[in-house]
S.K.: 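Sharing a structure, written as C-alpha cells. Questions coming.
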Protein chains: 2
Amino acid sequence: MDERVPRDFETLRTTILERRHSLPKRIAQIAAYALDNPDDIAFGTAASIAASAGVQPSTLIRFAQQLGFDGFTSLQLVFRERLRERNSSYDERLAALRAKAEEGAGHRAIFDGFVAAAGTSLNDISGRLNEDHFEDAIALLAKAETIYVLAKRRSYPVASYIAYALGKLKIRNQLIESAAGLNAEMISFASPRDAVIAISFSPYAPAAIDEARVISEQGVPIVAITDSSFSPLAQFAKVWFEVAEADFAGFRSLSATMALAMALTVAVGEKRRDAGRKRKA
Amino acid sequence: MDERVPRDFETLRTTILERRHSLPKRIAQIAAYALDNPDDIAFGTAASIAASAGVQPSTLIRFAQQLGFDGFTSLQLVFRERLRERNSSYDERLAALRAKAEEGAGHRAIFDGFVAAAGTSLNDISGRLNEDHFEDAIALLAKAETIYVLAKRRSYPVASYIAYALGKLKIRNQLIESAAGLNAEMISFASPRDAVIAISFSPYAPAAIDEARVISEQGVPIVAITDSSFSPLAQFAKVWFEVAEADFAGFRSLSATMALAMALTVAVGEKRRDAGRKRKA
DNA sequence: TATGGATTGGAATTATTATTTCATATTACC
DNA sequence: GGTAATATGAAATAATAATTCCAATCCATA
C-alpha cells in the first residue's frame with residue numbers, strides 16, 4: 001500500500017481529480033460516481049454502490065486500492081468521516097471566526113461571524129425543541145382572546161415581528177410598549193381569558209420581568225421564551241422554551257428565537273383556522 | 001412488528017422520549033446512548049455500538065424491536081437518513097417541508113420550515129455579499145454624525161435591533177418612528193453629514209419609500225437593504241444590498257437581513273474606534 | 001421467601017458483505 | 001497482426017456482522 005493515503009475527504013478529492021485522466025475506464029467511472037455521490041459511498045455496500053455506478057464490486061475495490069487504501073472499507077471511512085464533520089462544524093467554524101475577529105481580521109470576518117452565529121443557533125434549536133411544550137403553547141395561545149406580546153431591549157425586535165405577524169393573521173394582539181408610559185394600564189386590561197408571549201434573555205430587562213410578574217398575578221397565562229430554567233421569566237410562565245443563541249462580537253443572534261416565534265405564531269393561526277372550521281361543521 | 005414504525009429521526013426521537021420511563025434498564029441505557037450519539041448509531045456496527053454503550057449486541061436489537069423495527073439494520077437506516085438529510089442542501093429540505101406543511105403535517109413541520117427558511121437565507125447571503133459595497137457602506141456610516149434608521153412593517157424588527165445595537169455601541173442614532181406622527185419633522189433634521197440605513201422589501205411600505213425619497217433629496221446618503229435592483233429604495237441609495245430571504249407559510253425569514261444589519265453595525269463601531277485611536281496618535 | 005415473568009448475557013447460527021481469484025476481454029506496443 | 005500487459009467480469013471464498021437462542025439473573029408479586 002501507498003505510504004501517503006488520503007485521510008480526509010478534501011485530499012482524496014484532489015487526488016482523484018489529479019489522476020482522473022490516467023485511470024482506466026471503469027475505475028474512472030467509479031471515481032466520477034464517488035465524487036458525485038459521496039453520500040452513497042458513505043452508506044452503501046460495495047455491491048449496491050457498484051450496481052449504482054454500473055461496475056463490478058471488484059472494480060470498486062481496485063479503485064480503492066489504486067488510491068492507496070487497502071480495500072473498500074478503508075476508503076469508505078473517509079466518506080463517512082466527511083459526513084460526521086459536516087455535521088459538527090458550525091460550532092468549530094464559529095470559534096475560528098471569533099478568534100479571527102479578535103485579531104482584527106477585517107469586516108468580512110465580522111459578517112461571517114454573524115452568519116455563523118445565526119447558523120449555530122438554528123442548528124441548536126432544531127435539535128432541542130420540546131414538542132410537547134410547543135403543542136401546549138400553541139393550544140394556550142390559540143384560545144386566548146387577545147395575545148399580549150412582551151419584550152424589551154434586545155428581545156424587542158422579536159416581539160415587534162410577532163405583533164406584525166399576528167396582525168397579518170388577523171389575530172387580536174397587543175404589543176406592550178408605550179411611549180406615553182401607559183404600560184401598567186395596558187397590562188391591567190389583560191384577563192385570564194387572554195395570554196401572553198414574553199421574551200427575555202439574560203441580563204433580563206427589569207421592566208420585562210416586572211410586567212410579566214404583574215400580568216401573571218392577574219391570572220393571565222404566559223408563554224415564555226428565555227435562556228434557562230433559572231430565568232425569572234420561567235417561574236411566571238405556564239409554558240417556557242429554552243433557546244440558546246450563539247453570540248458574536250458581544251451581540252447575540254436572534255435567529256433561533258425568531259424562528260421559534262414565527263412558528264408559534266403561524267401554528268396558532270393554523271389551529272384557530274382549524275377550530276373555526278370544526279365549529280362550523 | 002408494530003404497524004407504525006417511526007420512519008424519520010424526529011418521530012423516532014419523540015417516541016423514545018415518550019417511552020423512556022417504561023423501558024427496561026439496559027434498553028433505556030441504549031436508548032439514551034442513541035439519542036446522545038446518533039452519529040455512532042448511523043456508522044457503527046451492532047457490536048461496536050453495543051460495546052460503546054456498555055450493553056450486549058442482542059440488547060441493541062431488542063431495543064430496535066421494541067420500537068417496532070424488525071432489527072437493528074432498519075433502525076440504523078433512520079439514523080443514516082438523518083445524516084443524509086442534514087447534509088442535503090437547505091433548499092431541498094425547505095422544499096420538502098413546504099410540501100409537508102401544505103398537506104397539514106402538524107406543528108413541528110411549521111417550526112422546521114421556519115428554521116430551514118432561515119438557514120437557506122443565511123446560506124444564500126453568505127455566498128453573495130458584495131464586499132466592496134460592504135466596505136463602502138461601512139465607510140459611509142462610520143463618518144455620519146447621526147445614523148437614521150428607517151424601516152416599516154415587516155422590516156421594522158431589523159431597524160429596532162440596529163437601533164438597539166448602535167445605542168450599545170454608543171453611536172448616535174435615530175429610529176424613524178413616531179407614534180405622534182412627527183416623522184416628517186424628525187426627517188427634516190437630517191443633514192448631508194448624517195446617514196441613513198433604510199430597509200424595505202417588496203411589497204414596499206409606501207411610508208418607507210416616501211421618507212427615503214424625502215431624506216435623500218435633502219442630500220443625506222442612504223445605505224439600503226432591499227430585495228432587488230428594481231426596488232424603489234435602490235434608486236435613492238448610495239450603496240445598496242440585495243438580500244433574498246426565503247419564506248415559509250407566507251412569512252419571510254429575517255435572518256439574513258439581521259446578520260447583515262448586525263455586521264454593518266458592529267463594523268461601523270469598529271471602524272469608528274480605529275479612527276478615534278488614529279486621531280489620538 | 002418462593003414463584004412466575006421479564007430481562008439480560010453470551011455463545012451459536014445465519015446473513016450479509018468485502019475480498020480474492022481466475023478466466024476472459026481489451027488495449028498498447030512491437 | 002501478434003503478443004504481452006493491463007483491465008474487467010463473475011463467481012468463489014473469506015470475513016464480518018446481524019440475529020437468534022437458551023441459560024442465567026433479576027424483579028415484582030403473592
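Throughout, protein chains are lettered first and strands after them, A, B, ... in sequence-line order, and every chain is numbered starting at 1. Everything numeric here is computed off the predicted structure, so don't read it as measured data.
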S.K.: When you check the side-chain N and O atoms of A:Ser74 and A:Asp70, is any donor under 3.5 Å from an acceptor?
M.R.: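 A pair is found: one side chain offers a donor N or O, the other an acceptor, under 3.5 Å apart.
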S.K.: Determine whether A:Thr11 and A:Val78 make a side-chain contact, defined as any pair of heavy atoms from C-beta on separated by less than 4.5 Å.
M.R.: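 They are not in contact (no side-chain heavy atoms under 4.5 Å apart), so the answer is no.
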S.K.: Evaluate the ring planes of B:Phe114 and B:Phe251, with Trp represented by its six-membered ring, and classify them as parallel (under 30°), tilted (30 to 60°) or perpendicular (over 60°).
M.R.: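 Ring orientation of B:Phe114 relative to B:Phe251: tilted.
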S.K.: Any side-chain heavy-atom pair from A:Leu260 and B:Phe111 closer than 4.5 angstrom?
M.R.: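 They are in side-chain contact.
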S.K.: Could you tell me whether the side chain of A:Ile222 reaches within less than 4.5 Å of the side chain of A:Tyr148, counting heavy atoms only?
M.R.: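 No, every pair of side-chain atoms sits at 4.5 Å or beyond.
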S.K.: Could you run down nucleotides 6-24 of chain D 5' to 3' and tag each one B, S or - for protein heavy-atom contact under 4.0 Å?
M.R.: -SBBB------SSBBB---
S.K.: Just by distance, do the side chain of A:Ser155 and the backbone of A:Ala151 share a donor-acceptor pair under 3.5 Å?
M.R.: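 Such a contact is absent between A:Ser155 side chain and A:Ala151 backbone.
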S.K.: Might you confirm whether atom CZ of A:Arg193 has over 12 heavy atoms from other residues, nucleotides or ligands at distances under 6.0 Å?
M.R.: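 No, the 6.0 Å shell around CZ holds no more than 12 heavy atoms from other groups.
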S.K.: Just the atom pairs and distances: protein N or O near nucleotides 28-30 of chain C's N or O, under 3.5 Å.
M.R.:
none

S.K.: Before accepting this row, confirm whether a basic side-chain N of the pair A:Asp194/A:Lys143 lies closer than 4.0 Å to the acidic partner's carboxylate O.
M.R.: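 The answer is no: the pair does not qualify as a salt bridge.
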S.K.: So that I can tick it off, tell me whether B:Arg82 and B:Asp39 are bridged by a salt bridge, with the cut-off set at under 4.0 angstrom between side-chain N and carboxylate O.
M.R.: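 Salt bridge: yes.
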S.K.: Nearest whole angstrom, please: distance from the P of C:dT7 to the CD of B:Gln29.
M.R.: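 Spelled out: CD on B:Gln29 to P on C:dT7 is 15 Å.
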S.K.: Measure from CZ on A:Phe69 to P on C:dA18 and round the result to the nearest Å.
M.R.: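 Taking CZ of A:Phe69 and P of C:dA18, I get 16 Å after rounding.
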S.K.: Would you list the protein and nucleotides 12-14 of chain C atom pairs, both N or O, that sit under 3.5 Å from each other?
M.R.:
none

S.K.: Strictly below 4.0 Å, N to O, side chains only: are A:Glu131 and B:Arg13 in salt-bridge contact?
M.R.: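 Result for this pair is no, no salt bridge flagged.
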